[in-house]
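Side chains are part of it too, since the values below use all heavy atoms of this structure and drop only hydrogens, waters and symmetry mates. Owing to the predicted nature of the structure, the values given are computational and were not obtained by experimental measurement.
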Amino acid sequence: MVSFTQTPADWKVPLVTIEVDPSQAGTPTFPKYMLLADYKIAAGTAPANAPVSPGSVAVAKSMFGDGSPLARAFERAFALNKGTPIYCLPVAEPGAGVAASGTIVVASAPTAAGTVYLYIAGQRVAVGVLSSDTTAQVATKINAAINAVTSLPVTSGVSTSTVTLTTKWKGISGNDIRVEDSVLGVNGGEVLPAGLALTHPTNNVLASGTGVPDWTAAIAALGDDPWEYVSVAHTDTGSLSVWGTEYGFSDSGRWGWLRETYGSVFSARRDTYSNQVAWGAALNQPVVSVLDVEVKSPTPIWEWAAAYTARAAAALSADPARPLQTLSLDGVQPAPKGARRNKSEMNGLAQSGIAIQAVNPDGMPAIMREQTLYQRNSLGQPDNAYELVTTLHTLAALFRRLQQGITNKYPRHKLANDGTRFGAGQAIVTPKIIKGEIIALYRAAEFDGLVENVSAFKAALIVERSSTNPNRVNVLYPPDLINQLRHLATLAQFRLQFATTDAAAA
């Protein structure tokens, strides 16, 4: 007896009725969105705490304010990834916060005409000066040039020979903005005109910004939509905690059994090597990956985080099991030579839960290892279960295939014991039937390069009817995730000449 869901058994009108059933037709298809979360500024028209998709850089500038961290993050992500739908989650600056600030002081006047190439948050500002300009006149020109570039994250004011820069929002993130000149140096045609001397803020960064985002309303507005790849360029304790909880494995988290929406968070952090290692070693977030950035990189941290997220989203959407190593982060500027991490430092960072990047031969930074902050199990013992972003996204792909495969084929089925005799076409399922379906799904996942060892999986797989709830089937699902080629260790055991006996044996 065939189990129909719509056609009545007592239908009398001839001739043919056709009921369409798509349960055997679906293939693994899941929407995955990128989400960029950061500050908007007062000029932005978009309301705070509501996800929105700008669609273009011009619209993003209008929505979040030109020069805002969110508008710049969107511009960087959109340049690297136009295939993943990009949404933005604007948050308001902290009301009780303070904007970061700093000064450029014209210490001595030029004795020759030329061009000053200033860099503010990685954006170049060209200022023409004359040999006859006084220090005050140079400062006035610098002020005008800065205010003319609306995409900068600062506004500028001038008093005699001092130019004061102030971020367009309040918060500690403004303290990440670097202010410097002639980044490309002599080979790049950038040298201060003769005689001209500029004094930049201490350590070349703005300072005194205070305040961190309040994510409560923003995260609540996300619901359970598929925000698979999230960029959050804030690594303060509060931000890491709330985003780690939202994407965590607890009942309320996206990886928990109740929500099952998955995804992960990408970020970036700038600090000295020793500070970075100490910071990472103290954390343990399986769903958060923070990319290390050297102190002297001109690009601000929100653009680094957006680039990392965009590259990861494109690669993981295509294949969640392939490593992200060597993927270039076009558009962000590396630290100058001599200020970059060496391989020993990169290894130390990765062992402290920090994702690492290095400069490709073409001069572009590239992902080297997509490490997460996870380092210890629930008992505090060292553990590598979730140490790589690929593990999370491969698991998510498998779980979604399992969900889709079972719900497509058995959405309204009756449950019987193995060995029950029932007519063909009946909407009845048994543990053995479910087990066969799970194995078939696993074989398909193996074919697609997500898992391996089908025989071991079959041997470890348990599918049984609950002894306490006759309407429930319990499954022990033991996938063996495919791994990645991350290291080719070679022992070069050279000889000046093979022994005669070795040659004869060959």
Side-chain angles (χ1 to χ4, degrees), residues 23-34 84 224-230 247-251 253-266 286-289 312-324 370-372 374 377 383-411 429 431-464 472-486:
S23 64
Q24 308 299 310
T27 57
T29 303
F30 312 100
K32 298 173 185 176
Y33 304 151
M34 191 192 320
T84 305
D224 283 332
D225 287 341
W227 313 111
E228 187 82 357
Y229 316 103
V230 184
Y247 277 79
F249 292 83
S250 68
D251 290 355
R254 287 175 172 261
W255 277 88
W257 69 273
L258 192 60
R259 295 178 70 184
E260 298 177 346
T261 49
Y262 313 120
S264 65
V265 178
F266 298 85
V287 295
V288 180
S289 179
L316 295 169
S317 293
D319 188 337
R322 288 185 69 182
L324 304 186
E370 60 277 17
Q371 193 86 15
T372 74
Y374 180 78
N377 64 17
D383 186 25
N384 63 359
Y386 299 113
E387 74 170 0
L388 292 166
V389 169
T390 47
T391 299
L392 288 170
H393 290 275
T394 304
L395 284 173
L398 291 176
F399 296 163
R400 287 171 174 143
R401 285 172 176 237
L402 180 61
Q403 290 169 331
Q404 185 187 55
I406 298 301
T407 56
N408 268 8
K409 288 195 173 183
Y410 314 117
V429 68
K432 185 177 290 186
I433 293 173
I434 292 175
K435 185 173 184 178
E437 182 62 29
I438 292 174
I439 292 171
L441 291 169
Y442 192 85
R443 287 190 185 279
E446 182 186 49
F447 186 81
D448 290 339
L450 300 179
V451 294
E452 56 186 343
N453 293 332
V454 170
S455 58
F457 173 80
K458 288 172 62 177
L461 175 64
I462 298 175
V463 182
E464 61 186 15
R472 171 171 165 166
V473 173
N474 295 326
V475 178
L476 174 61
Y477 182 72
D480 182 354
L481 304 187
I482 200 163
N483 304 109
Q484 298 88 32
L485 176 60
R486 295 180 182 272

TODO: State the CG-CG distance between Asp383 and Asn377, to the nearest 0.5 angstrom.
DONE: 5.0 Å

TODO: Look at the side chain of Thr372 and the backbone N and O of Val288, then say whether any donor-acceptor pair between them is shorter than 3.5 Å.
DONE: no

- [ ] Determine the minimum heavy-atom distance between Pro431 and Val463, stating which atoms define it.
- [x] O-CG1, 3.4 Å

Open item on the list: Tell me whether Asp225 contacts the main-chain N or O of Trp227 through its side chain, where contact means a donor paired with an acceptor under 3.5 Å.
Closed with: no

- [ ] Determine the interplanar angle of the Tyr477 and Phe457 rings, folded into 0 to 90°, and report it as parallel if under 30°, tilted if 30 to 60°, perpendicular if over 60°.
- [x] perpendicular

TODO: Under the side chain to side chain contact (heavy atoms under 4.5 Å, CB included) rule, collect the residues that match up with Gln484, sequence neighbours excluded.
DONE: Pro323, Leu388, Thr390, Arg486

TODO: First locate atom OH of Tyr374, then atom CD of Glu387, and finally report the distance between them rounded to the nearest 0.5 Å.
DONE: 10.0 Å

- [ ] Would you give the length of the straight line joining atom CG of Asn384 to atom CD of Gln371, rounded to the nearest 0.5 angstrom?
- [x] 9.5 Å

Open item on the list: Let me confirm one number: the OG1-CD1 distance from Thr394 to Ile482, rounded to the nearest 0.5 Å.
Closed with: 9.0 Å

Open item on the list: Using the side chain to side chain contact (heavy atoms under 4.5 Å, CB included) criterion, which residues pair with Ala312? Sequence neighbours excluded.
Closed with: Phe266, Leu316, Leu324

Task: Partner set under side chain to side chain contact (heavy atoms under 4.5 Å, CB included) for Asn453, not counting sequence neighbours - done: Ala456, Asp480

- [ ] Can you see which heavy atom on Val389 is nearest to which on Ser289, and at what distance?
- [x] CG2-CB, 3.7 Å

TODO: Sorted by first residue and then second, give each salt bridge (Lys or Arg N to Asp or Glu O under 4.0 Å) pair with at least one member in residues 392-409; sequence neighbours left out.
DONE: Glu228-Arg400, Arg401-Asp448, Lys409-Glu437

Open item on the list: I need the full list of salt bridge (Lys or Arg N to Asp or Glu O under 4.0 Å) pairs touching residues 450-461, with sequence neighbours left out, sorted by first then second residue.
Closed with: none

Open item on the list: To the closest 0.5 Å, what do you measure between OH (Tyr442) and CG (Leu461)?
Closed with: 10.0 Å

Open item on the list: For a 4.5 angstrom cut-off between non-hydrogen side-chain atoms, does Val287 reach Phe249?
Closed with: yes

TODO: Could you tell me which non-hydrogen atom of Leu398 sits nearest to which non-hydrogen atom of Ala445, and how far apart they are?
DONE: CD2-CB, 3.6 Å

Open item on the list: Could you measure the distance from the CH2 atom of Trp255 to the CD atom of Glu260? Nearest 0.5 Å is fine.
Closed with: 10.5 Å

Task: Distance-minimising heavy-atom pair for Ser264 and Leu392 - done: CB-CD1, 4.1 Å

Open item on the list: Between Thr261 and Pro226, is there a side-chain heavy-atom distance shorter than 4.5 Å?
Closed with: no

- [ ] Identify, with sequence neighbours excluded, every residue that meets side chain to side chain contact (heavy atoms under 4.5 Å, CB included) alongside Ala397.
- [x] Pro320, Leu450

